[in-house]
Amino acid sequence: MPLGGLLSDYLTSRRGPQFGRRIVPMLGLTFGAVFIYAGTIAPGPRTAVACLSLAFGLAACCEGPFWASVTEMAGDRVGAASSILNAGAQIGGLFAPVLSPYIASHAGWSWALYTGGLVALSGVVATYMADVRPARLTSFTAVDVSG
């Protein structure tokens, strides 16, 4: 995770947020999906574990850029935007351990993993379509709550 964030920060400083915040998740999720597939066709258990571990690590490198993107995109609504990002992640975390065994029981574990790879690739498409330029901040007006 820290390496993905560092790489994203470096690329953002050199090429801007539209490139730097998107390229790390796009590559991480794409190659993560490739390693998921490779793990399902691996010739032995050690190779399968190595491929699936790389897939997880590449997906994890996206965490920092996702949060940084939300912070940059949201402007003065960063709390609400962060809540939406976190809620989406929690929903995925709720359904993945339920759907994976369900798919595996009907189509086999390879297809359960393929489905995870397809979800990762859908994240690539969503990241590509995101406009990650910083939002303009609006002036903040304090609200008098003293009554």
Side-chain angles (χ1 to χ4, degrees), residues 1-42 48-104 106-107 109-147:
M1 283 185 198
L3 292 177
L6 287 170
L7 181 58
S8 176
D9 287 345
Y10 174 79
L11 293 171
T12 297
S13 70
R14 298 285 187 256
R15 306 270 314 266
Q18 191 67 4
F19 179 82
R21 297 292 183 223
R22 293 183 341 172
I23 195 68
V24 173
M26 288 170 60
L27 291 175
L29 292 173
T30 299
F31 286 110
V34 168
F35 278 110
I36 286 175
Y37 176 74
T40 63
I41 62 169
V49 168
C51 288
L52 295 175
S53 296
L54 282 169
F56 177 75
L58 287 164
C61 79
C62 304
E63 190 79 17
F66 282 152
W67 285 103
S69 295
V70 164
T71 302
E72 289 183 0
M73 293 166 60
D76 58 352
R77 290 180 168 66
V78 70
S82 296
S83 299
I84 292 168
L85 176 66
N86 195 39
Q90 297 307 317
I91 290 168
L94 172 70
F95 286 114
V98 175
L99 289 177
S100 296
Y102 178 80
I103 294 168
H106 288 80
W109 276 104
S110 291
W111 280 101
L113 293 172
Y114 298 154
T115 302
L118 290 173
V119 170
L121 292 175
S122 71
V124 173
V125 172
T127 302
Y128 176 76
M129 293 175 21
D131 184 5
V132 189
R133 290 177 286 236
R136 290 186 174 170
L137 297 175
T138 59
S139 62
F140 178 75
T141 306
V143 177
D144 182 14
V145 294
S146 62

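The first residue of the sequence shown is numbered 1, and numbering continues consecutively from there.
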Please walk me through it: do Thr40 and Trp109 pass side chain to side chain contact (heavy atoms under 4.5 Å, CB included)?
CA-CA 8 Å; Thr40 63; Trp109 276 104; over 6 Å; no
Excluding sequence neighbours, so at least two apart, what forms side-chain hydrogen bond (donor to acceptor under 3.5 Å, both in side chains) with Trp67?
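Per chain and number, Trp67 pairs via side-chain hydrogen bond (donor to acceptor under 3.5 Å, both in side chains) with Glu63.
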Just by modelled atom types, is the Gly5 backbone N or O under 3.5 Å from a matching donor or acceptor in the Ser8 side chain?
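No, Ser8 side chain to Gly5 backbone: no donor-acceptor pair under 3.5 Å.
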Would you find a donor on one side and an acceptor on the other, under 3.5 Å apart, between the side chain of Ser82 and the backbone of Gly79?
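Here the side-chain-to-backbone pair does not exist.
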Give the minimum heavy-atom separation between [X] and [Y], together with the two atoms involved.
{"X": "Pro17", "Y": "Val132", "value": "CB-O, 3.4 Å"}
{"X": "Leu58", "Y": "Gly32", "value": "CD1-N, 3.9 Å"}
{"X": "Thr127", "Y": "Phe66", "value": "OG1-CE2, 3.7 Å"}
{"X": "Ala48", "Y": "Gly39", "value": "CB-O, 3.6 Å"}
{"X": "Cys61", "Y": "Gly28", "value": "SG-CA, 4.2 Å"}
{"X": "Thr71", "Y": "Val78", "value": "CA-CG2, 3.7 Å"}

Within a radius of less than 6.0 Å around CZ of Phe56, do more than 12 heavy atoms belonging to other residues, nucleotides or ligands occur?
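It does not: Phe56 CZ has 12 such atoms or fewer within range.
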For atom OH of Tyr114, is the number of surrounding heavy atoms from other residues, nucleotides or ligands below 6.0 Å larger than 12?
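Yes, OH of Tyr114 has more than 12 neighbouring heavy atoms, counting only those of other groups under 6.0 Å.
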With salt bridge (charged side-chain N to carboxylate O under 4.0 Å, His left out) as the rule and sequence neighbours excluded, what pairs involving [range] come up?
{"range": "residues 113-126", "result": "none"}
{"range": "residues 119-133", "result": "Asp131-Arg133"}
{"range": "residues 4-14", "result": "Asp9-Arg21"}

Got a second to check how far [X]'s [atom1] is from [Y]'s [atom2], nearest 0.5 Å?
{"X": "Cys62", "Y": "Leu27", "atom1": "SG", "atom2": "CG", "result": "9.0 Å"}
{"X": "Ile36", "Y": "Leu54", "atom1": "CD1", "atom2": "CG", "result": "11.5 Å"}
{"X": "Tyr37", "Y": "Cys51", "atom1": "OH", "atom2": "SG", "result": "11.5 Å"}

Side chains of Leu11 and Val24, heavy atoms from C-beta outward: is any pair under 4.5 Å?
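A side-chain contact exists here, since the closest heavy-atom pair is under 4.5 Å.
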With Tyr128 via ring pair (Phe, Tyr, Trp, His ring centres under 6.0 Å) - residues at least two apart:
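Checked Tyr128 against ring pair (Phe, Tyr, Trp, His ring centres under 6.0 Å); zero matches.
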Of all pairs that satisfy side chain to side chain donor-acceptor pair (under 3.5 Å), the ones with a partner from residues 22-34, not counting sequence neighbours:
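Output for this query is empty, none listed.
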